[in-house]
Number of protein chains: 2
Amino acid sequence: MRNVTIVHVAERARVSVKTVSRVVNNEPTVTPDLRERVQAAIDQLGYAPNIAARRLGGSRSFLIVAFNDRKLTLENWASDRGNNWIDRMQYGAMLRCDVHGYHLLCELIDLESDQLARRVQHVLSSLRPDGVILTPPNCEDPTVLEALKRAQVPFVRMGSAAAGPGARVRMDDQAAALRLTEHLVEQGHRRIGFVTGSARFLASHAREDGYRKALAAAGLPVDESLLVPGDFTFEGGVAAAEALLSRPDRPTAILAGNDETALAVMHVARRLDIAIPGDLSLATFDDTPSVRLSLPPLTTVRQPVAEMAAQAVDLLVAAAAKDGKLSRADHLLPFELALRASTAPPP
Amino acid sequence: MRNVTIVHVAERARVSVKTVSRVVNNEPTVTPDLRERVQAAIDQLGYAPNIAARRLGGSRSFLIVAFNDRKLTLENWASDRGNNWIDRMQYGAMLRCDVHGYHLLCELIDLESDQLARRVQHVLSSLRPDGVILTPPNCEDPTVLEALKRAQVPFVRMGSAAAGPGARVRMDDQAAALRLTEHLVEQGHRRIGFVTGSARFLASHAREDGYRKALAAAGLPVDESLLVPGDFTFEGGVAAAEALLSRPDRPTAILAGNDETALAVMHVARRLDIAIPGDLSLATFDDTPSVRLSLPPLTTVRQPVAEMAAQAVDLLVAAAAKDGKLSRADHLLPFELALRASTAPPP
DNA sequence: GTCAATTTGTCCTCAAGTGGACAAATATAA
DNA sequence: TTATATTTGTCCACTTGAGGACAAATTGAC
């Protein structure tokens, strides 16, 4: 492939390079007539502006970075959560990047590394992205936030319940937990266990708040012993479920901190010969494929992860197109309650 | 952050810009003494070469693109396989990219779009990556392969059983299926069903070959009616499992085309009150988290996806560092048999 | 037809490096 | 000491576009 540059397009459309640039960058002062001629030349030649050159000369890089928190060795892979949260995030982000002519770069960071700040700074100064998307738990990490602030890169924190720098895009975790708990209460449950999420994730606390609020609103007391800490892993869920389900006055319903935890609860329930939803109702958060396909399918709150990521990209692109400044807004996206067979009135 | 450029490093280390460049690019003709001084300056200033400038001036872009085949709309998300194959691929690739100072760009393509060739070409000419990683099923797509060839970008096809252009990194699917079938035969199974994978994936055919070979080696006839087509989806798996398990002379063991299919088989077995492994043994491919955590955990072949991706990156980086040419080699990585509770002697 | 407004072109600088030719400085060997 | 090899520096061209200043051409209004 011989390189097709802006000059070739200009020659073909018999206009100046400047005009082609104006068309490519959507500047308003081009007549539809010319614009069309230029576009035709672009299409015919299959021209795409060289992103490196655009970055170097202009003020934008057309790159957005998403940091993923993982250990930086292959061995640690197995311990990584097999969730598809990140996957969904990437998907939503890529879709919008594509629309805007942007590209998504996924970069690994290890929050526990002592090189963390250096790593973030290195990535930013090497790539000079127009924006960064942070996902839990790195959207709460002070080192990361500080590094981003110093680099003056606009960033969006996805799914973070905490106020702080940068824009936020999230669902209302508290409201979601509240709705889910309400649903269980409506079905007649009075003893509702809650395997909380990892304390590292602020969403866990918000969900717990929603749970408490719903009980309070229904005039039900909160039995603290029914709140068992989980950590978003299967193993943690198993331990928590065992604690809840082996007691004589076991709950008639359990709210799991996330899908992984819910699967663990199912696992333990099956072992203990506790039928779902016959003996125990189960509800959870996230709506990953596995809980749609489990037996029975689980009642969950669908977190609009891809949509959140899409909006994050929109915000960053808009900021880059303007002055590179991103307002500190908090964007709440609606969640969806998926009522499935795992919740039913208590026995 | 004021931009730290190569000039600043040069001043600080009191050497020429050229020397800094030599150090950064690991050219051999620099004395350890100087190299160290320059490195110190780099560290102190937190300098990272601007990737856009490097790309523009030099012959490398330090970018590797991974194409993901998905529909380009948010709505289609749900139908996307929730597998973590892509996730694992990305992880392995990112790890190695990091080591080499490279960056991984994930780009969406839609194999069914009539804009496919244009899309691929656009991405390539805009980013000018040093290499491309193709995963199934796009590593067999003639349009994609043609576009890559025309762009003269080195690429690695991961997990493809088909010979063809570009380098290949994969596991031996046929051998894996053979070992798995052997295992079942050793346990005493004679009637072994096989829910084949999607015909779009060549690995499916290789696995079928392995299955046949193992039976032949054991002197067992192949009952063609025990080979039921699946398509790697849960729904397809359910249909196939129903066909296999509802017949009076149902198999005593089933080999599932992938984990998703295996979960579907479990689902149907449970509904039909067929105990695993008591009444039915079940083995599968991929070893995703869900089959490790299922009840019982499933016997699988662990595909070294992350390792394959890591090697793909190594190959591409090496090619870029040399002359940008990638040999057409076929790299086979060892798989791992995970024998778990889902396989046992027949009743 | 003149004036004003808008569109298009010209021309130049700049981004931050690479890469090559070759000279200068330094080290090593004979 | 001289000749030779190696390291380091100098200098310049080159990459591909953005962006700004300003002139030229075109269009529209009156």
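Side chains are part of it too, since the values below use all heavy atoms of this structure and drop only hydrogens, waters and symmetry mates. Each chain gets a letter, A, B and so on, in the order its sequence line appears, and its residues count up from 1.
- Listed pair A:Ser21 / D:dG17 fails the phosphate criterion, with no side-chain N or O lying under 4.0 Å from OP1 or OP2.
- Considering only side-chain atoms of B:Arg54, the nucleotide from C:dG20, C:dG9, C:dG17 that sits closest is C:dG17.
- Contact annotation: the side chain of B:Phe67 never approaches that of B:Cys139 to less than 4.5 Å [non-hydrogen atoms, C-beta and beyond].
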Check the interface with nucleotides 3-7 of chain D: list each N/O to N/O pair with the protein under 3.5 Å, or write none.
none

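- A:Phe62 places its CZ atom 13 Å from the C1' atom of D:dT16, with the value rounded to the nearest Å.
- Here the side chain of B:Gln303 pairs no donor or acceptor atom with the backbone of B:Met171 at under 3.5 angstrom.
- Rounded to an integer number of Å, the gap from A:Glu27 CD to D:dA21 P is 13 Å.
- An OP1 or OP2 oxygen of D:dG19 is reached within less than 4.0 angstrom by a side-chain nitrogen or oxygen of A:Ser59.
- Rounded to an integer number of Å, the gap from CG of A:Leu45 to P of D:dT16 is 15 Å.
- Between B:Tyr47 and the phosphate of C:dG17, there is a side-chain N or O to OP1/OP2 separation shorter than 4.0 Å.
- Set against C:dG9, C:dG17, D:dG17, the side chain of A:Ile6 has D:dG17 as its closest nucleotide.
- By the 4.0 Å N-to-carboxylate-O rule, B:Asp130 lies too far from B:Arg60 to be salt-bridged with it.
- Here B:Ser16 does not reach the OP1 or OP2 of D:dT8: none of its side-chain N or O atoms lies under 4.0 Å away.
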With side-chain contact (heavy atoms from CB on, under 4.5 Å) as the test, would you mind laying out the steps for B:Leu116 and B:Ile109 before giving the verdict?
CA-CA 7 Å; B:Leu116 178 57; B:Ile109 54 175; 4.0 Å; yes
Which atom pairs link the protein and nucleotides 12-15 of chain D when you take only N or O atoms and keep those under 3.5 Å?
residue : atom : partner : partner atom : Å
D:dT15  : O2   : B:Leu56 : O            : 3.1
D:dT15  : O2   : B:Gly57 : N            : 3.2

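- The interatomic distance linking A:Asn25 (CG) with D:dG19 (P) rounds to 6 Å, in whole Å.
- No hydrogens or angles were tested; on distance alone, a donor-acceptor pair under 3.5 Å links the side chain of A:Lys18 to the base of D:dG20.
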Tell me, for nucleotides 22-27 of chain D in 5' to 3' order, what letter each nucleotide earns: B for a base near a protein heavy atom under 4.0 Å, S for only sugar-phosphate near one, - for neither?
------
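- With a 4.5 Å cut-off on side-chain heavy atoms, B:Leu145 and B:Asn138 do not count as touching.
- Cation-pi geometry between B:Arg55 and B:Phe62 is not met at under 6.0 angstrom from the ring centre and within 45 degrees of the axis.
- Considering CZ of B:Arg170 and CG of B:Leu333, their distance stands at 10.5 Å, rounded to 0.5 Å.
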Begin with the C-alpha distance, continue with both residues' side-chain angles, and end with the deciding distance and a verdict on side chain to side chain donor-acceptor pair (under 3.5 Å) for B:Asn3 and A:Arg128.
CA-CA 10 Å; B:Asn3 293 355; A:Arg128 304 202 171 271; 3.2 Å; yes
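- Using a 4.0 Å cut-off between charged nitrogen and carboxylate oxygen, A:Asp98 and B:Arg119 count as a salt-bridge pair.
- The closest donor-acceptor contact from the side chain of B:Arg37 to the backbone of B:Ala13 lies under 3.5 Å.
- When heavy atoms are screened at a 4.0 angstrom cut-off, A:Val7 is found touching no nucleic acid atom at all.
- Counting non-hydrogen atoms of neighbouring residues, nucleotides and ligands closer than 6.0 angstrom, the CD atom of A:Gln44 exceeds 12 such neighbours.
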